[in-house]
Amino acid sequence: QVQLVESGGGLVQAGGSLMLSCAASARTFSSYAMGWFRHAPGKERVFVAVINWSGGSTYYASSVKGRFTISRDNAKNTVYLQMNSLKPEDTAVYYCAAKSTKASIPDPRDFTSWGQGTQVTVSS
């Protein structure tokens with residue numbers, strides 16, 4: 001299991017930006033695909049973005065493509081989610097997740113380790 005700690009959430013106006021960070025405890029962080037998911041009130045948790053072990057491949061949910069960017073720094077054991085042009089419907093608790101895979105294009109399903117989440121609230 002990987003210990004994950006998210007940070008960077010907060011309150012922002014529509015059209016604004018936030019960057020989320022997720023620090024991982026894994027000694028072999030570069031062996032893990034990393035993902036971001038979100039859980040809005042009254043809805044199920046959904047996939048947002050995933051990045052492969054090297055950072056060379058990313059995949060996004062259609063709802064955030066072109067506005068959000070996932071990246072990672074393997075030297076710092078950290079994954080990021082840059083969120084631009086935020087909308088009220090982006091309001092949710094955002095979770096970082098990890099799974100051990102060297103797949104070049106990670107499947108967004110079956111993540112095995114999860115952080116506690118960070119709240120993002122976008123006001124209109």
Side-chain angles (χ1 to χ4, degrees):
Q1 288 289 337
V2 179
Q3 302 299 316
L4 302 171
V5 179
E6 302 96 335
S7 62
L11 173 64
V12 64
Q13 288 189 330
S17 298
L18 279 176
M19 175 177 272
L20 305 183
S21 299
C22 173
S25 66
R27 290 189 302 168
T28 56
F29 179 69
S30 61
S31 297
Y32 288 82
M34 301 297 296
W36 287 97
F37 295 75
R38 66 188 183 186
H39 190 181
K43 298 183 179 180
E44 294 186 351
R45 185 170 60 189
V46 297
F47 164 76
V48 174
V50 65
I51 188 166
N52 78 334
W53 65 276
S54 69
S57 177
T58 58
Y59 181 69
Y60 298 90
S62 58
S63 59
V64 306
K65 193 171 185 180
R67 299 188 298 122
F68 291 10
T69 302
I70 188 171
S71 61
R72 67 190 295 160
D73 185 338
N74 285 348
K76 296 182 178 180
N77 280 22
T78 302
V79 64
Y80 306 96
L81 185 68
Q82 176 66 46
M83 305 185 294
N84 298 329
S85 302
L86 282 161
K87 305 174 181 180
E89 51 264 43
D90 294 319
T91 295
V93 177
Y94 282 72
Y95 295 90
C96 174
K99 65 175 179 178
S100 180
T101 177
K102 285 281 194 172
S104 58
I105 303 176
D107 191 315
R109 299 168 296 180
D110 304 325
F111 277 79
T112 55
S113 298
W114 296 85
Q116 293 301 306
T118 185
Q119 176 71 47
V120 172
T121 303
V122 184
S123 63
S124 58

In one Ile/Leu/Val/Met/Phe/Trp/Tyr side-chain cluster, 4.5 Å: Val50, Val93: yes
In this structure, are over 12 heavy atoms from other groups packed under 6.0 Å from Lys76 atom NZ? no
Distance col, row Gln116:CD vs Ser7:OG, nearest 0.5 angstrom, shows 13.5 Å
*Is any side-chain heavy atom of Gln119 closer than 4.5 Å to a side-chain heavy atom of Thr121?*
yes
Q. Counting only N and O atoms by type, is there a donor-acceptor contact under 3.5 Å from the side chain of Asn52 to the main-chain atoms of Thr58?
A. no
Residue pairs passing the salt bridge (charged side-chain N to carboxylate O under 4.0 Å, His left out) test with at least one member in residues 57-71, sequence neighbours excluded, are Arg67-Asp90
Kindly indicate, with the supporting measurements, whether the criterion side-chain contact (heavy atoms from CB on, under 4.5 Å) is fulfilled by Lys102 and Tyr32. CA-CA 7 Å; Lys102 285 281 194 172; Tyr32 288 82; over 6 Å; no
Residue pairs meeting salt bridge (charged side-chain N to carboxylate O under 4.0 Å, His left out), one or both in residues 105-124, sequence neighbours left out, come to Asp107-Arg109
Here the salt bridge (charged side-chain N to carboxylate O under 4.0 Å, His left out) pairs for residues 10-24, sequence neighbours left out, are none
To the nearest 0.5 Å, atom CD1 of Ile51 lies from atom OG of Ser57 at 8.5 Å
Check: Checking Thr112 side chain against Lys99 main chain: does a donor-acceptor pair fall under 3.5 Å?
Finding: no
query: Hey, is CD1 on Ile105 packed in by over 12 heavy atoms from elsewhere, all under 6.0 Å?
result: no
- Item | Val64 side chain reached by Arg38 side chain, heavy atoms, under 4.5 Å | yes
Interatomic distance, OG@Ser100 vs CZ@Phe111, rounded to 0.5 Å, equals 11.5 Å
Please determine whether side-chain contact (heavy atoms from CB on, under 4.5 Å) holds for the pair Cys22 and Tyr95, giving the CA-CA distance in whole Å, both sets of side-chain angles, and the decisive distance to 0.1 Å. CA-CA 9 Å; Cys22 173; Tyr95 295 90; over 6 Å; no
Return yes if some donor-acceptor pair links the side-chain N/O of Ser113 with the main-chain N/O of Val2 below 3.5 Å, else return no. yes
side-chain contact (heavy atoms from CB on, under 4.5 Å) assessment of Met34 paired with Arg72: CA-CA 8 Å; Met34 301 297 296; Arg72 67 190 295 160; 3.7 Å; yes
From the list Val120, Val12, Val48, side chain to side chain contact (heavy atoms under 4.5 Å, CB included) partner of Met83 resolves to Val120
Cys96 and Trp36, any side-chain heavy atoms less than 4.5 Å apart
yes
Does the Ser25 side chain pair with the main chain of Gln3, one donor and one acceptor, at a distance under 3.5 Å?
-> yes
Distance col, row Glu6:CD vs Leu81:CG, nearest 0.5 angstrom, shows 11.0 Å
inquiry  = Between Gln13 and Ser123 (side chain of the first, backbone of the second, donor and acceptor by atom type, cut-off under 3.5 Å), is there such a pair?
reply    = no
* To do: Could you check if a side-chain atom of Gln82 sits within less than 4.5 angstrom of a side-chain atom of Ser71, using non-hydrogen atoms only?
  => no
All heavy atoms of Leu86 vs all of Leu18, minimum pair found to be CD1-N, 3.9 Å
Answer yes if the ring centres of Trp53 and Phe29 are under 6.0 angstrom apart, and no otherwise.
no
Tell me if the aromatic rings of Tyr60 and Phe47 count as close, with their centers under 6.0 Å from one another.
no
* Less than 4.5 Å apart, any side-chain heavy atom of His39 and any of Tyr94? -> no
The reported gap from OG in Ser30 to CG in Asp73 (rounded to nearest 0.5 angstrom) is 11.5 Å
- Query: Same cluster for Phe37 and Tyr59 if Ile/Leu/Val/Met/Phe/Trp/Tyr side chains link at under 4.5 Å?
  - Reply: yes
Does the side chain of Leu20 come within less than 4.5 Å of Thr118's, by heavy atoms? yes
